[in-house]
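What follows is one structure encoded as structure tokens, with my remarks underneath.
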Protein chains: 2
Amino acid sequence: MNRKKTTPITIKDLAQELNLSASTISRALADHPKISQATKKLVTDKAEQLGFRLNAIASSFRSKKTKSIGIIVPRIDIDFHSRVISGIEDYAYKSGYHVIIFQSKDSYKMEKEIIHNLQNMMVEGMIICLAMETKNFDHLKKLIKTKLPIVFYDRTPETFDTNKITINDFESAFNATEHLIKIGCKNIVHVAGNQSTGIFRARLEGYKAALKSHHLPVQEDHIYVTHNLSYQEGMACTEKILELDPLPDGVFCANDYTAASVVQVLNKRKIKIPEQIAVVGFSDYPIAQIIVPSLTTINDRAVQMGEAAAKMLIQHIQDHDFDIIDHQVITLKTELIVRESSARKT
Amino acid sequence: MNRKKTTPITIKDLAQELNLSASTISRALADHPKISQATKKLVTDKAEQLGFRLNAIASSFRSKKTKSIGIIVPRIDIDFHSRVISGIEDYAYKSGYHVIIFQSKDSYKMEKEIIHNLQNMMVEGMIICLAMETKNFDHLKKLIKTKLPIVFYDRTPETFDTNKITINDFESAFNATEHLIKIGCKNIVHVAGNQSTGIFRARLEGYKAALKSHHLPVQEDHIYVTHNLSYQEGMACTEKILELDPLPDGVFCANDYTAASVVQVLNKRKIKIPEQIAVVGFSDYPIAQIIVPSLTTINDRAVQMGEAAAKMLIQHIQDHDFDIIDHQVITLKTELIVRESSARKT
DNA sequence: ATATTTTGGGCAAATGTTTGCATTAATAAA
DNA sequence: TTTATTAATGCAAACATTTGCCCAAAATAT
């Protein structure tokens, strides 16, 4: 009949019960080598029996280790980011870390605020995908100066070098475009993303480079720059594309939403894909497999990117061999997935 | 030239600098009414100047408030869940809480383990969507007995009452089916989800009830139960459906992936949608708008569900008027979104 | 038998903040 | 002027755990 209120039991209670010191309990629980197996068992059994829970806050407070990492993404409910987060959480969990997630909503102000809060929370590191609005990187530089391990992915700071995981957007776009050329396209247009973002600039450059390397002309009126690569924007673009004379014979889109919209509009106009116009997207979203014809696209390795980011971060947190590393860049291989929308013509 | 190492400055440092006591600093920072505006400004300015950060861990340790809530979802990279999480994070952030997210991967073992960890972490509440594997609810009952506020969503415990946010799956399915009936379908099949999960049973029941209420026969061979409502399973189902004689004139699917697969297979077979067979899905995934014909479906209010869950949870955490509430159930209105796949026949 | 090492634990400090209560200063009432 | 009141701040304890250092006993070596 424990009548002594319902206050949670602490390490001291255990100590008292077992006639041991608090330090021994602490060490036993932490599987410290200096504690005998016998006492360890005694302790864990008693802990179990009494329903003891180690107060993680007190523990963090004393040890200065929170075992938590902060994640900042523009939004969680975007396929790409939710997959990256999934990869991060997976790896982090296996390594004994948990993730605290925030959405910047692409707002610079939010981003700064969140970073500030995360520092107060004493996360041991952060994984960040920059807000679209972020053009000034001072807050990030300051953050990095604090020596807190940070890893960026996808949208990364452009004015200085830092830890990051990206895919080779240039090369991926190059490959995608070259693929179109190899199946016989000679007049390829590109639906591009917001040019204030590095990765979309890189994709555009990759497109151009592929054309040049195959001695095809780069025509400015074949480049359609969108604001956010939405499905709706893609539709509008396609309408404009269809006014071209002659019609292009290939379209490379900077993401799968716009590519899907191109496919749909062409279908509606009874333009044969890929015979008349071949289409290639980017990111391998679920729709890519579902639309008809299915979409050739680039596997952007979202989950792996998350895992790689978590791995890099946790290495920097734990392994002091990494202390002398100024910054580390990992570029993931992408993969061209050829589907019906660019199945070899003829 | 601060040479005294790089140890973070504390409230005491501030106190010393300003010739005040630590308690005053603490109160000033917390905007306590008993502190004069003048000193508050003094303190915040100095804090700013010195780059002071309030140690949130120490604060939590002392105050017993972590301002954190735990979220357990089967997986983050599923449209529905990522949208729910987005809604939760949004509301939580506005209320001064942050979210710690875990994926159970639909594993019962993981779910238990995560709950255990979250309790140690002293989150102030949890929002949970049960793992598919979870059939035994003892760990949840025990959890709830601790008085920690918990809110479930989507997949919720079935053997006892508790706080939860759901949509009315039965009614939604009823409406979807009735919609098909109203546009003239008389021979409707249902692609159902895993019947070990309550929401999918409810959708099946809603389907049946709609048929009955319109004096249409409920035929067991018109019900196709899948394991996880994947796109692939949907394809297989559709093949079987097409062996029916006579062909059905309507299909109601328990999610949009299977509905999309139905649409695609029918397209391939040159079966006109909706003229020959009308199709209705569930959840309003992005594909629903993109496939051709676009998909009639049910808006499942994922984001709102997240917001509602967060709101309910935070109320239970903060407002002691809620202490006398044994449990609270909120059922969200859904919405039938009529698109081309069930545009009135004829 | 003594000296030395190993093994298993205990002591007590330290961590940064919050908070109930006490105290002082300032103002108002008598 | 004295007293009561209010406003603003200080004191010190408490929070649960970890960890460097110390110590006793047991085991091993000499």
Side-chain angles (χ1 to χ4, degrees), chain A residues 4-44 46-47 50-68 96 117 119-124, chain B residues 4-44 46-47 50-68 96 117 119-124:
Chain A
K4 13 172 99 172
K5 280 188 195 154
T6 174
T7 165
I9 40 179
T10 76
I11 237 171
K12 287 185 185 173
D13 299 326
L14 277 189
Q16 196 166 341
E17 285 278 330
L18 294 169
N19 273 318
L20 288 170
S21 73
S23 29
T24 303
I25 307 292
S26 173
R27 291 188 172 107
L29 258 19
D31 202 26
H32 187 110
K34 291 271 204 165
I35 303 295
S36 73
Q37 290 306 319
T39 26
K40 274 178 193 168
K41 177 148 175 49
L42 230 55
V43 171
T44 50
K46 198 67 168 182
L50 267 62
F52 164 83
R53 337 198 55 107
L54 183 58
N55 183 330
I57 297 295
S59 171
S60 293
F61 173 46
R62 166 62 222 232
S63 69
K64 305 287 170 215
K65 307 234 172 263
T66 56
K67 287 294 175 187
S68 66
N117 291 340
Q119 288 187 269
N120 287 0
M121 291 165 138
M122 320 219 67
V123 293
E124 295 188 39
Chain B
K4 13 171 100 172
K5 278 189 195 154
T6 175
T7 166
I9 37 180
T10 76
I11 236 171
K12 288 186 184 173
D13 299 327
L14 277 188
Q16 197 167 341
E17 285 278 330
L18 293 168
N19 272 318
L20 288 171
S21 73
S23 30
T24 302
I25 307 292
S26 174
R27 290 186 172 108
L29 257 18
D31 203 26
H32 187 109
K34 291 270 206 163
I35 303 295
S36 72
Q37 289 307 318
T39 27
K40 275 179 192 168
K41 178 150 176 45
L42 231 55
V43 171
T44 50
K46 199 66 168 182
L50 267 61
F52 164 83
R53 338 198 55 107
L54 184 58
N55 183 329
I57 297 294
S59 172
S60 292
F61 173 48
R62 166 65 222 235
S63 69
K64 305 288 169 213
K65 307 233 173 264
T66 55
K67 288 294 176 186
S68 66
N117 292 340
Q119 287 186 272
N120 288 1
M121 291 165 135
M122 321 221 68
V123 293
E124 295 188 41

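Please read all numbers here as calculations on a predicted model, not as lab measurements. Chain naming here is simple, since letters A, B, ... match the order of the sequence lines and numbering starts at 1 in each.
Note on the helix from C:dA1-D:dT30 to C:dA30-D:dT1: terminal axis deviation equals 40°, with five pairs used at each end and the result rounded to 10°.
Contact annotation: the side chain of A:N55 approaches that of B:K64 to within less than 4.5 Å [non-hydrogen atoms, C-beta and beyond].
Contact detail for B:K46 and B:L14: the closest heavy-atom pair is CG-CD2, 3.9 Å. Closest of all the heavy-atom pairs between B:M121 and A:A56 is CA-CB, 3.9 Å. Closest of all the heavy-atom pairs between A:V123 and A:T66 is CA-OG1, 3.8 Å.
In this structure, A:L18 places its CG atom 15 Å from C1' of C:dG10, rounding to the nearest Å. Atom pair A:I25:CD1 and C:dG8:C1' shows a separation of 13 Å (rounding to whole Å applied). One atom, NE2 of B:H32, and another, P of C:dT18, lie 12 Å apart when rounded to the nearest Å. At whole-Å resolution of the value, CG in A:N19 and P in C:dC11 are 11 Å apart. Residue B:K64 contributes atom NZ, which lies 14 Å from atom C1' of D:dA13 at whole-angstrom precision. For the pair B:I35 CD1 and C:dA25 P, the interatomic distance rounds to 16 Å; values are reported in whole Å. Residue B:M121 contributes atom CE, which lies 19 Å from atom P of D:dA16 at whole-angstrom precision. Taking atom CG of residue B:N120 and atom P of nucleotide D:dA16, one finds them 14 Å apart after rounding to whole Å.
An OP1 or OP2 oxygen of D:dA7 is reached within less than 4.0 angstrom by no side-chain nitrogen or oxygen of B:S36.
At least one donor-acceptor pair under 3.5 Å links the side chain of A:K40 to the backbone N or O of A:H32. Between the side chain of B:S26 and the backbone N or O of B:A22 there is no donor-acceptor pair closer than 3.5 Å. Looking at B:N120, its side chain never comes within 3.5 Å of a backbone N or O of B:N117 through a donor-acceptor pair.
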Before giving the answer on side-chain contact (heavy atoms from CB on, under 4.5 Å), spell out for A:I11 and A:L29 the whole-Å C-alpha distance, their side-chain angles and the decisive distance to 0.1 Å.
CA-CA 10 Å; A:I11 237 171; A:L29 258 19; 4.2 Å; yes
Between A:V43 and A:I35, does a side-chain contact (heavy atoms from CB on, under 4.5 Å) hold up when you go through it step by step?
CA-CA 11 Å; A:V43 171; A:I35 303 295; over 6 Å; no
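Among the atoms of the strands shown, none is found under 4.0 Å from any heavy atom of B:D13. Counting any heavy atom pair closer than 4.0 Å across all strands shown, B:L20 reaches sugar-phosphate atoms only and no base atom.
Remark: ring of B:F61 does not overlap the six-membered base ring of C:dT17 in a stacked fashion, as centroids less than 5.5 Å apart with planes less than 30° apart are not both met.
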Pick out the pairs of N or O atoms, protein on one side and nucleotides 17-19 of chain D on the other, that lie under 3.5 Å.
{"from": "D:dT17", "atom 1": "OP1", "to": "A:N55", "atom 2": "N", "distance (Å)": "3.1"}
{"from": "D:dT17", "atom 1": "OP2", "to": "A:I11", "atom 2": "N", "distance (Å)": "2.6"}
{"from": "D:dT18", "atom 1": "OP1", "to": "A:S59", "atom 2": "OG", "distance (Å)": "3.1"}
{"from": "D:dT18", "atom 1": "OP2", "to": "A:S26", "atom 2": "OG", "distance (Å)": "2.5"}
{"from": "D:dT18", "atom 1": "O2", "to": "A:R62", "atom 2": "NE", "distance (Å)": "3.4"}
{"from": "D:dT18", "atom 1": "O2", "to": "A:R62", "atom 2": "NH1", "distance (Å)": "2.3"}
{"from": "D:dT19", "atom 1": "O4'", "to": "A:R62", "atom 2": "NH2", "distance (Å)": "3.1"}

